[in-house]
Amino acid sequence: MSVTRCSLARFSLRRQRNGTPSAQGQRAEWESMADPLHSVARRLAPAFAAVAGRECDPVVRPSDRADAQANGALGLARELGSQPRAVAEAVLAAAGDLSDMLASTEVAGPGFINLVLRDGFIARELGAAMAEPTLGVTPASSVRTVVVDYSAPNVAKEMHVGHLRSTVIGDALVRMHGFLGHRVVRENHVGDWGTPFGMLIEHLVDLGEREAAHELGMGDLDAFYKEARRKFESDDGFKARARARVVALQGGDTETLRLWRTLVAESTRYFNIVYRGLDVLLTDDDLAGESKYNDLLAGIVERLDRSGLLVESDGAQVVFPEGFTNRENEPLPLIIRKGDGGYNYATTDLACVVDRVENLGADSLLYVVGAPQAQHLQMVEAVSRRAGWLDEHHVFHHVAFGSVLGSDRKMLKSRSGDAVKLAALLAEAVERAGAAVAEKNPEMSADDRADVARMVGIGAVKYSDLATDRVKDYIFDWDRMLSFDGNTAPYLQYAHARICSIFRRAGLERERVRTVVPILGDPRERTLAITLLRFDSAVHEAVDTASPHKLCTYLFDLATGFTSFYENCPVLRADDAVKTSRLALCDATARVLSAGLDLLGIRAPEQM
RNA sequence: GCCCCCGUAGCUCAGUUGGAUAGAGCAACGGACUUCUAAUCCGCAGGUCGCAGGUUCGACUCCUGCCGGGGGCGCCA
């Protein structure tokens, strides 16, 4: 397809500039079936090719003057040395009869081709899309093994808002990739190894295992960690024991390992409580902590040494990847083995790359890690490529995200100045949502209210995290995220709940209207139908750029379109044929809203 | 000092990889509830897209240089 070829050409230029493949390279991997813009582009491509004398992208885009516009003639005109409008006319002539798909085509302005879709075409396409379990979303044309590295809390440390972002964004990416048919491997790279464990284990011993387990199990991880740290800094005897304990841990001492496992087990038990509350997919099966790679580290050093990349610098074993410099403009090393013989996180990250590629068969490596880690991950990638562990087909993508800020535009902090506990944040979200439900819908039973409060409260927190460009910082604001106005989870959920309410009143099973091809008499019905068909490309674009907010923007657009339809097109009071048609549109909207929210890890209640 | 990210309406944010007149939601103002959930909707306003150059038929988008904010830059992770 010409679209594919043109996109690939653009991508290859991008790759040369960056020096590494990017996740955007997969743009060419799919050819959307449902999105009418793609259907039109496919249909116009041969006509453009005939005029251009080569394959050529018609550049079909949304338009505010028609359903779509083809912009390809403008660029082509210069290449051909002719007038853009003449090129556009020639393309339309070459395209022949388009009347099964388009109601009108018109050359406008400097050479745009405005395209109006035929109602029957839209209705037919929608019927076909909704007959599929994927709701028209095209599966990935080539299935990749995608390893997603996300969440990564630290054992014996509280989860805070930084983990919220990684966990929520990672979970959405996992769901979206899986939906497209990719093989997804979740990896929760928990911090369960390293020097802090000396003091943590000694504190565990001091406290008594039973008491320590209780404290950790209750989720009072911060107090545990802080007390260990305090003793480490103020008590020389404790410090000496902690250091000895690190040696014992690394030496594989049985009793020390047992104590260490207790810390890990109690902490992960607590993490799981948070994960369940947060409605994410992570389980113990996804744990791939730093300790897992411990035995591989010596091998990494050896392989780097054999390949001649490893050099000694200031007593440490390092690799100098090209293009990285320090303050003094000297080459910046990735430290593989410290002067004291210990390994650090760079070594572990390299071991992860090797494990994921060689053992898991990874094609894509996604790192849902904060933006400050950019340079470190670039260096890990550079060394991995130099060592030959990654080749051109491997995608190494740092899915970077910004910080969560308070209303003062500074990093979100609790009143006491500490990082905000994630568990407390989620509890407050549910409480606030519960209060709102109680106020707005007093008839709802207490049980239902509790369920809805959880879906709405957690959904609001997650959605506000997902709805904006992840690389930017975002401002945490309870009132805004829980509002039913604007681009929020409650707004989308409310649209869904209203549809469920219509079917309850109709006394009709949703499945009954599922095969209906709708009648698109009202402009609102027409717009809604077109928007429903764009679910396909919305999901693909979100996946290609690892940007869940693109799916959010689409779902908001869909909910807005539905609300407009809802306000102007009575469903239950309409004549039979129209009523059936509108019920079908309602059902389709509810399914796409529900599926879209599900891809974001958010539930869609049937009543609110 | 060098590198990376960000800068769009009073506020919070989109902007489909270079297309026509830059869009939403808050807040403000004016409207719509004997109605399928008014937790909603409609209207009205609101802009030197940080600044200045450049590339071209066309730039919020690409390039260069500044300004402002954040982050990173050798043995913590």
Side-chain angles (χ1 to χ4, degrees), chain A residues 7 10-11 14 24 27 37 59 61-65 69 71 74-75 77-78 84 108-112 114 152 154 191 193-196 290 313-318 323-330 332-340 342 344-346 348-349 370-376 378 400 402-403 409 436-437 439-441 467-469 471-475 477 479-480 483-488 490-491 493-495 497-506 534 537-538 541 545 549-550 552-554 556-557 560 563-564 566-574 582 586 607-608:
Chain A
S7 298
R10 199 158 52 226
F11 172 56
R14 188 181 294 261
Q24 294 181 344
R27 182 184 175 79
L37 267 59
V59 196
R61 297 285 181 267
S63 175
D64 51 357
R65 316 201 169 192
Q69 58 184 56
N71 303 330
L74 288 137
R78 180 172 44 223
F112 304 109
N114 289 345
N154 292 309
W193 202 252
T195 48
E290 293 169 337
S313 175
D314 294 343
Q317 303 288 104
V318 310
F324 296 90
T325 56
N326 67 9
R327 251 177 252 278
E328 281 72 44
N329 215 26
E330 297 158 347
L332 183 68
L334 189 66
I335 294 173
I336 307 300
R337 190 162 199 186
K338 300 187 286 187
D340 66 4
N344 65 6
Y345 75 132
T348 308
D349 283 342
Q373 298 281 345
Q375 188 182 54
H376 167 71
Q378 281 167 19
S403 307
R409 281 203 153 274
V437 175
E439 182 194 344
K440 304 294 185 183
N441 197 346
T468 63
D469 189 355
V471 81
K472 298 181 183 177
D473 296 344
Y474 84 93
I475 296 175
D477 183 333
D479 292 334
R480 190 151 24 86
S483 167
F484 288 75
D485 294 300
N487 190 8
T488 68
Y491 179 77
Q493 290 170 323
Y494 181 55
R498 279 174 140 183
I499 296 171
C500 293
S501 172
I502 290 174
F503 278 94
R504 274 195 301 272
R505 280 187 180 263
R534 287 193 6 242
S537 44
E541 279 162 21
T545 57
H549 85 276
K550 296 195 177 192
C552 295
T553 303
Y554 165 77
F556 177 57
D557 199 29
T560 304
T563 309
S564 177
Y566 180 89
E567 295 284 333
N568 292 284
C569 303
V571 177
L572 299 178
R573 291 194 304 274
R582 288 181 176 170
C586 285
Q607 56 171 333
M608 287 174 72

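Within every chain, numbering begins at 1; the chains are lettered A, B, ... in the order of the sequence lines, protein sequences first and strands thereafter.
Shown here are the side-chain hydrogen bond (donor to acceptor under 3.5 Å, both in side chains) partners of Asn154(A), two or more places apart in sequence or in another chain: there are none. By the salt bridge (Lys or Arg N to Asp or Glu O under 4.0 Å) test, Arg498(A) pairs with no residue at all, sequence neighbours left out. For Gln607(A), the side-chain hydrogen bond (donor to acceptor under 3.5 Å, both in side chains) criterion is met by Asp448(A), not counting sequence neighbours. The salt bridge (Lys or Arg N to Asp or Glu O under 4.0 Å) test applied to Asp473(A) returns no partner, not counting sequence neighbours. Among residues two or more places apart in sequence or in another chain, the ring-ring contact (aromatic ring centres under 6.0 Å, His included) test is passed with Phe112(A) by none. Tyr554(A) pairs by the side-chain hydrogen bond (donor to acceptor under 3.5 Å, both in side chains) definition with nothing, not counting sequence neighbours. Remark: Phe484(A) pairs with no residue by the ring-ring contact (aromatic ring centres under 6.0 Å, His included) rule, at least two apart or across chains. Contacts of Phe503(A) classified as ring-ring contact (aromatic ring centres under 6.0 Å, His included), with partners at least two apart in sequence or in another chain: none.
Counting to the nearest Å, the C1' atom of U40(B) and the CD atom of Gln493(A) are 16 Å from each other. Remark: C1' of U37(B) and CG of Leu572(A) are 12 Å apart, rounded to the nearest angstrom. For Ile336(A) and G74(B), the CD1 to C1' distance is 12 Å, given to the nearest whole Å. In this entry the distance linking CG of Asp557(A) with P of G15(B) reads 12 Å, nearest Å. Whole-Å rounding puts the Phe484(A) CZ to C41(B) P distance at 12 Å. Regarding Leu74(A), its CG atom lies at a distance of 10 Å from the C1' atom of A20(B), rounded to whole Å. Between Asn71(A) atom CG and A20(B) atom P the separation is 8 Å, expressed in whole Å. One can place CG of Asp477(A) at 8 Å from C1' of U12(B), the figure rounded to the nearest angstrom.
Across all strands shown, Ser313(A) has heavy atoms under 4.0 Å from base atoms, whether or not it also approaches the sugar-phosphate. Residue contacts for Gly191(A): at a heavy-atom cut-off of 4.0 Å it reaches no nucleic acid atom on any strand shown. Residue contacts shown for Ala467(A) are absent, as no nucleic acid heavy atom lies under 4.0 Å away. As judged by a 4.0 angstrom heavy-atom cut-off over every strand, Pro84(A) is placed among residues making no nucleic acid contact. Heavy atoms of Leu332(A) sit under 4.0 angstrom from primed sugar atoms or phosphate atoms, though from no base atom. When heavy atoms are screened at a 4.0 angstrom cut-off, Gln373(A) is found touching base atoms of the nucleic acid. Within 4.0 Å (heavy atoms only), Cys500(A) reaches no atom of the nucleic acid at all. Within 4.0 Å of Asp473(A), counting heavy atoms only, lie sugar-phosphate atoms of the nucleic acid but no base atom. Counting any heavy atom pair closer than 4.0 Å across all strands shown, Gly75(A) reaches a base atom. Among the protein residues, Arg505(A) comes within range of the sugar-phosphate backbone only, with heavy atoms under 4.0 Å from sugar or phosphate atoms but none that close to a base. Looking at heavy-atom distances under 4.0 Å, Val318(A) makes contact with a base.
Looking at Ser564(A), its side chain never comes within 3.5 Å of a backbone N or O of Thr560(A) through a donor-acceptor pair. Using modelled atom types, one side-chain atom of Thr488(A) and one backbone atom of Tyr491(A) make a donor-acceptor pair closer than 3.5 Å. Not a single donor-acceptor pair under 3.5 Å links the side chain of Asp557(A) to the backbone N or O of Thr553(A).
Listed candidates were C2(B), C75(B), A20(B). Nearest to the side chain of Asn114(A) is A20(B). Listed nucleotides: U35(B), G74(B), G72(B). Nearest to the side chain of Pro372(A): G72(B). Listed nucleotides A20(B), C75(B), U37(B) differ in distance to Asp314(A); the shortest reach to its side chain belongs to C75(B). Distances were taken from every side-chain heavy atom of Gln69(A) (C-beta onward) to each of C73(B), G19(B), U37(B); the shortest belongs to G19(B).
For Leu74(A) against Pro84(A), the heavy-atom pair with the smallest separation is CD2-CB, 4.1 Å. Nearest heavy atoms, Ile335(A) versus Asn344(A): O-OD1, 3.0 Å. Shortest non-hydrogen contact noted between Ala574(A) and Arg582(A) is CB-NH1, 4.2 Å. The shortest heavy-atom contact between Arg504(A) and Ala497(A) is NH2-O, 4.4 Å.
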What nitrogen or oxygen pairs link the protein and nucleotides 23-34 of chain B at under 3.5 Å?
unit_1	atom_1	unit_2	atom_2	d
C26(B)	OP1	Asp485(A)	OD1	3.4

Shorter than 3.5 Å, N or O on both sides, protein versus nucleotides 4-11 of chain B: list them out with atom names.
unit_1	atom_1	unit_2	atom_2	d
G7(B)	OP1	Lys472(A)	NZ	2.9

Filtered N/O pairs between nucleotides 58-61 of chain B and protein, under 3.5 Å:
none

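Of the side-chain N and O atoms in Ser501(A), one or more sit less than 4.0 angstrom from OP1 or OP2 of U37(B). Residue His549(A) has a polar side-chain atom (N or O) positioned under 4.0 Å from OP1 or OP2 of G15(B). Applying the 4.0 Å criterion to OP1 and OP2 of C76(B), one finds that Lys338(A) has a side-chain N or O inside that range. The side chain of Arg534(A) places no N or O atom within less than 4.0 Å of a non-bridging phosphate oxygen (OP1 or OP2) of U16(B).
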Would you sketch RNA chain B in dot-bracket for me? Only Watson-Crick or G-U wobble pairs with both distances under 3.5 Å count, crossing pairs as [ ], other-strand pairs as |, the rest as dots.
(((((((..((((.....[...))))..((((.......))))......(((((..]....))))))))))))....
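Ring-to-base geometry places Phe112(A) in a stacked arrangement with A20(B) (centre distance under 5.5 Å, plane angle under 30°).
For Tyr474(A) and Ala108(A), each mapped to the nucleotide of RNA chain B holding its nearest heavy atom, the one lying further toward the 5' end belongs to Tyr474(A). Mapping Tyr566(A) and Gly194(A) onto RNA chain B by nearest heavy atom places Tyr566(A) closer to the 5' end of the strand.
Atom CD1 of residue Ile502(A) and atom SG of residue Cys586(A) lie 4.0 Å apart, to the nearest 0.5 angstrom.
Between the side chain of Glu290(A) and the base of A77(B), no donor-acceptor pair under 3.5 Å is found.
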